[in-house]
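Below is one structure, written out as structure tokens; the observations come after it.
First the proteins, then the strands, lettered A, B, ... as listed; each starts at 1. Just so you know, these numbers come straight off a predicted model, no measurement behind them.
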2 protein chains.
Amino acid sequence: MSDVPARSRDTAAVIRAAALGLIAAKGYAAVSMREIADGAGIRQGGIYNHFAAKQDILRALMVDHMEALIAAWEACPERSCPPAETLDAFVRFHISYHFTRPEAVLVAYMELRSLEPENFAAVEALRDRYERILRDILARGAAEGVFALRDPAVETRALIAMLTGVTTWVREGGRLSIADITDLYVDLVRRAVGLHPAHDRTRETADV
Amino acid sequence: MSDVPARSRDTAAVIRAAALGLIAAKGYAAVSMREIADGAGIRQGGIYNHFAAKQDILRALMVDHMEALIAAWEACPERSCPPAETLDAFVRFHISYHFTRPEAVLVAYMELRSLEPENFAAVEALRDRYERILRDILARGAAEGVFALRDPAVETRALIAMLTGVTTWVREGGRLSIADITDLYVDLVRRAVGLHPAHDRTRETADV
DNA sequence: GTCTATAGGCAGATAGAC
DNA sequence: GTCTATCTGCCTATAGAC
């Protein structure tokens, strides 16, 4: 990016991109403004023409990621389907979105403790909003008798942890395609809420 | 701890305890040797009588935690039961162990990127060993036809992510007891591998 | 809006007294 | 084994030229 003419580039965006990669790799506290500037092809002092402080870069990365994530789901047509289809769609949406932005995802859930209190509150509120999306799907399915759940609040968090964890170990070009892994997670979630798997002929096998 | 007579305390252990709490709360890079020393009730320079470098504290915390975790499972009698019982026992073991050491767990999975390459390799090897415990249980159950699985390697990671995530949101004194939450996770895992739930108290109400 | 230069402070690590 | 004192270097943020 450093060979792009200065007039044709959005320096703030370049700074953010450099910061995102560095923070995802090393952690916010371990990344210096000099490294970010180097990554963005400018000098260290120049960052302050676009961000008043290092903390503002982190807040921008996290808030914008969470808002984009929520907006992307709200643009999904399947969100108004019956509970089982909506749940499948949410699983596919979550995994797909997280694979396309692995660095933003990593930062959003690893750097909460690097946020100053005010910024933390803002990001936490957005995380709650996202979590509520899944909780509402589960609660609706339970209310309609489609899902067999014991506590949608607990199960929401268990499933989100499982789904988000996929980005920590899957690498493109591995043994399984992302589509295969996604199908696998869809079935894991379906079974966890008491539905039949969608991609597997078996109902439950023998009990012990 | 700072009012304990110097002769009767293991200063290295006090330093480790202080470092564990601080690193869990703020992250390795954001914690200074001065803060650790303050927490341990000594002066900053005194740490170097017990650890040659800051990095050595982190390595000790992470390696010892992983080794203790693996050793604790290997001391569990249920590890040689049939697959379904062994899986239940593993879920209970994992959650219970993680609840008793939430700070060590947090550090062990948040600070991998703060380890220098040699130390990273050592900790990664221990993580693989632990992951293999669950993978072997799943593979054994699949081979015996007790579990309905599509890919034990993927399902291992999905389940470990789900189980480990419990420590990030559960607080003692919350709406549900830890025993209740553990039962709930046991059933989620049982259903995810195609077993019938063991605690048949399924509610179908929307309890959000 | 980017640069150079620098202020002011804190980091990890070491030396040597006791 | 703990202390005080200090070294060296990097940190965030700012000032002012262009």
Take the protein atom [atom1] of [X] and the nucleotide atom [atom2] of [N], then report the distance between them rounded to whole Å.
X: I36(A); N: dT12(D); atom1: CD1; atom2: C1'; answer: 11 Å
X: D38(B); N: dA11(C); atom1: CG; atom2: P; answer: 10 Å
X: I57(A); N: dC11(D); atom1: CD1; atom2: P; answer: 14 Å
X: I15(B); N: dA13(C); atom1: CD1; atom2: P; answer: 13 Å
X: D56(B); N: dA13(C); atom1: CG; atom2: C1'; answer: 12 Å
X: K54(B); N: dC10(C); atom1: NZ; atom2: P; answer: 15 Å
X: L22(B); N: dG12(C); atom1: CG; atom2: P; answer: 12 Å

_Donor-acceptor contact below 3.5 Å, side chain Q55(A) vs main chain E116(A)_ =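 Flag set: sc Q55(A) to bb E116(A) pair under 3.5 Å.
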*asked:* Keeping E131(A) on the side-chain end and R157(A) on the backbone end, is there a donor-acceptor pair under 3.5 Å?
replied: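 No; judged by distance alone, with no hydrogens or angles, the pair does not exist.
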By ring pair (Phe, Tyr, Trp, His ring centres under 6.0 Å), which residues pair with [X], not counting sequence neighbours?
X: F93(A); result: W73(A), Y97(A)
X: H98(B); result: H94(B)
X: H65(A); result: none

Name all residues meeting the side-chain contact (heavy atoms from CB on, under 4.5 Å) criterion together with [X]; count only those two or more places apart in sequence or in a different chain, and write none if there are none.
X: E85(A); answer: C81(A), P82(A)
X: R175(A); answer: D151(B), A153(B)
X: A30(B); answer: A29(A), K26(B)
X: E74(A); answer: I70(A), R79(A), R129(A)

*Between residues 25-33 of chain B and DNA chain C, which residues have a heavy-atom gap below 4.0 Å?*
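Contacting residues: V31(B), S32(B), M33(B).
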*Using a cut-off of strictly less than 4.0 Å between a heavy atom of the residue and any atom of DNA chain C, enumerate the qualifying residues of residues 110-121 of chain A by number.*
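Within residues 110-121 of chain A, no residue comes under 4.0 Å of DNA chain C.
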*asked:* Checking T182(A) against I178(A) for the side chain to side chain contact (heavy atoms under 4.5 Å, CB included) test, could you report, in this order, the C-alpha distance in whole Å, the side-chain angles of both residues, the deciding distance, and whether it holds?
replied: CA-CA 6 Å; T182(A) 303; I178(A) 290 176; 3.9 Å; yes
Where do N or O atoms of nucleotides 16-18 of chain D meet protein N or O atoms at under 3.5 Å, pair by pair?
none

*May I ask you to verify if any side-chain N or O of Y48(A) is less than 4.0 angstrom from the OP1 or OP2 atom of dT14(D)?*
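It does not, given that no N or O in the side chain of Y48(A) lies less than 4.0 Å from OP1 or OP2 of dT14(D).
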Check: protein-nucleotides 6-9 of chain C nitrogen or oxygen pairs below 3.5 Å:
none

*Return the set of residues passing side-chain hydrogen bond (donor to acceptor under 3.5 Å, both in side chains) with E103(B) (not counting sequence neighbours), or none when no residue passes.*
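side-chain hydrogen bond (donor to acceptor under 3.5 Å, both in side chains) list for E103(B), sorted by chain: empty.
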*Taking C-beta and beyond as the side chain, do L20(B) and R16(B) meet within less than 4.5 Å on heavy atoms?*
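Not touching, per the 4.5 Å side-chain cut-off.
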*Does the distance from a Lys or Arg side-chain N to an Asp or Glu carboxylate O, for R113(A) and E111(B), drop under 4.0 Å?*
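A salt bridge is present here (some side-chain N lies under 4.0 Å from a carboxylate O).
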